[in-house]
Amino acid sequence: MLLPWAYASPVGSSADENYHLTYIWCIAGDSPECVQNRSDDGQQVTSVIVPATVGQPPCFVGDRFQEATCQLDGLLEGTYESTRFSDNSSYPPIFYRAMHPLVGDDVERSVIQMRILNVLIAGIMLALAIWVAAPRVRAAIGITWTLGLVPFGLFFIPSVNPNGWAIIGSASFWVFLITLMNRRNKTTAMRIAAIAGLAFSTVLAIARADQVWVLLLSFIAVLFVSNRWRSHKWVIAASLSTVALIAALLAWRFTVGRYV
């Protein structure tokens, strides 16, 4: 369901896509695809030169009467000097760094590859969550993902917008947490998968730093519905302490507090 959106949506169609594409292209510094212009003291990036398709808004942006079919005449050519890149982005850099290896000479091809990667991540996380979860939780996954993805998620997950990762991570975090806290008779493989899923969903969610509040609310909600909290406090406390330590290390590494 997500793949057709990845192919059908024109480059630049998601919210502030040229902003996010510029960061993806330039997050690793100077390269054949991006040249950074710095201030006289060399401390700040004042502008970047990127392909015009990356940095310049497409023909349909800002004109609600203009259809996206204007792009059928051809993508923008040449380069574009953008001032939308700085060393202090309002988003943690993890999403941009993960997408950067797919940057190439063909912008449209690179963007589609990034979208497909995000679709695959969503599919893997959903499949993993369904596999480790109890039957009743699986029903909840089906309901929440179906209702929550239409139409916002269907558009943002197969895009190059960090919102896609935030949606995937926030929508799967609670599944792995409630599985670790409640489900009995898990195999070792399922337990390892649930722990890995919890860690990975956290990383995905903080592609938008404000999602730490969503994860906190999810944790509180799961805590209140957990039927093993009273009888297994020390196990749960040890597990959550481990998760909290990993989260703190991630937050320190990517300076999440500054973005929040």
Side-chain angles (χ1 to χ4, degrees), residues 2-3 5-6 9-29 33-34 45 48 50 53-55 57-58 61 82-103 107-108 110-126 145 148-149 151-174 197-218 246-247 249-260:
L2 295 171
L3 281 173
W5 283 90
S9 303
V11 175
S13 58
S14 64
D16 295 320
E17 183 158 315
N18 293 104
Y19 171 87
H20 298 301
L21 284 177
T22 301
Y23 270 87
I24 291 171
W25 253 249
C26 296
I27 194 67
E33 294 80 22
C34 173
V45 178
V48 292
V50 292
T53 309
V54 170
V61 169
S82 174
T83 57
R84 304 194 72 182
F85 183 90
S86 72
D87 296 326
N88 297 313
S89 168
S90 56
Y91 291 85
I94 184 169
F95 174 82
Y96 302 130
R97 292 192 180 278
M99 296 295 109
H100 181 75
L102 296 176
V103 169
V107 174
E108 194 169 30
S110 297
V111 169
I112 290 178
Q113 289 175 341
M114 294 171 194
R115 291 173 176 178
I116 292 174
L117 174 60
N118 291 330
V119 170
L120 291 175
I121 291 173
I124 291 170
M125 292 299 289
L126 178 58
W145 276 63
L149 291 185
F152 190 84
L154 289 179
F155 182 70
F156 274 98
I157 290 176
S159 74
V160 289
N161 192 307
N163 285 340
W165 273 24
I167 294 168
I168 299 168
S170 301
S172 56
F173 172 84
W174 66 271
L198 185 65
F200 195 43
S201 62
T202 302
V203 172
L204 291 172
I206 61 172
R208 279 187 62 101
D210 54 10
Q211 291 300 291
V212 295
W213 306 115
V214 176
L215 300 185
L216 178 62
L217 289 172
S218 296
I246 294 172
L249 290 173
L250 287 170
W252 170 77
R253 174 64 181 84
F254 296 108
T255 59
V256 171
R258 175 165 63 86
Y259 301 106
V260 174

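Contact detail for A122 and I168: the closest heavy-atom pair is CB-CD1, 3.7 Å. The shortest non-hydrogen separation linking S110 to V103 is OG-C, 3.8 Å. Nearest heavy-atom pair across V119 and P158 is CG2-CB, 3.6 Å. For the residue pair A98 and P101, the shortest heavy atom distance occurs at O-CD, 3.4 Å. Considering all non-hydrogen atoms of both residues, R115 and S9 come closest at NH1-O, 2.5 Å. Among all heavy-atom pairs drawn from I27 and P93, the shortest one is CD1-CB, 4.1 Å.
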Distance-only check: which donor-acceptor pairs under 3.5 Å involve side-chain atoms of residues 198-206, not counting sequence neighbours?
{"residue": "S201", "atom": "OG", "partner": "G197", "partner atom": "O", "Å": "2.9"}
{"residue": "S201", "atom": "OG", "partner": "L198", "partner atom": "O", "Å": "2.9"}
{"residue": "T202", "atom": "OG1", "partner": "L198", "partner atom": "O", "Å": "2.8"}

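For the side chain to side chain contact (heavy atoms under 4.5 Å, CB included) with I24, the qualifying choice from R97, E33, M114 is M114, the only one to do so.
Annotation: side chain of S159 is not in contact with side chain of H20 (no heavy-atom distance under 4.5 Å). Residues I121 and M125 meet the side-chain proximity criterion, which asks for heavy atoms closer than 4.5 Å. Looking at V11 and P58, their side chains never come closer than 4.5 Å, going by heavy atoms from C-beta outward.
F173 pairs by the ring-ring contact (aromatic ring centres under 6.0 Å, His included) definition with nothing, not counting sequence neighbours. Remark: W174 engages no residue in a ring-ring contact (aromatic ring centres under 6.0 Å, His included) (not counting sequence neighbours). In terms of the ring-ring contact (aromatic ring centres under 6.0 Å, His included) criterion, residue partners of W5 (sequence neighbours excluded) are, by chain and number, F155. Every side-chain hydrogen bond (donor to acceptor under 3.5 Å, both in side chains) that S14 has, sequence neighbours left out, goes to E17. For V107, the side chain to side chain contact (heavy atoms under 4.5 Å, CB included) partners are W25, P51, T53, V54, V111, not counting sequence neighbours.
We find the OH-OG distance between Y23 and S82 to be 9.0 Å, quoted to the nearest 0.5 Å. The distance from atom CG of L2 to atom CD1 of I116, rounded to the nearest 0.5 Å, is 11.5 Å. S172 contributes atom OG, which lies 11.5 Å from atom CD1 of I167 (distance to the nearest 0.5 angstrom). Here the straight-line distance linking atom CG of L149 with atom CD1 of I157 works out to 5.0 Å at 0.5 Å rounding. Here the straight-line distance linking atom CG of D16 with atom OG1 of T22 works out to 10.5 Å at 0.5 Å rounding.
Below 30°, between 30° and 60°, or above 60°: for Y96 and Y91 the angle between ring planes is above 60°, a perpendicular geometry.
Checked by atom type and distance alone, the side chain of N18 never pairs as donor or acceptor with a backbone atom of G12 at under 3.5 Å.
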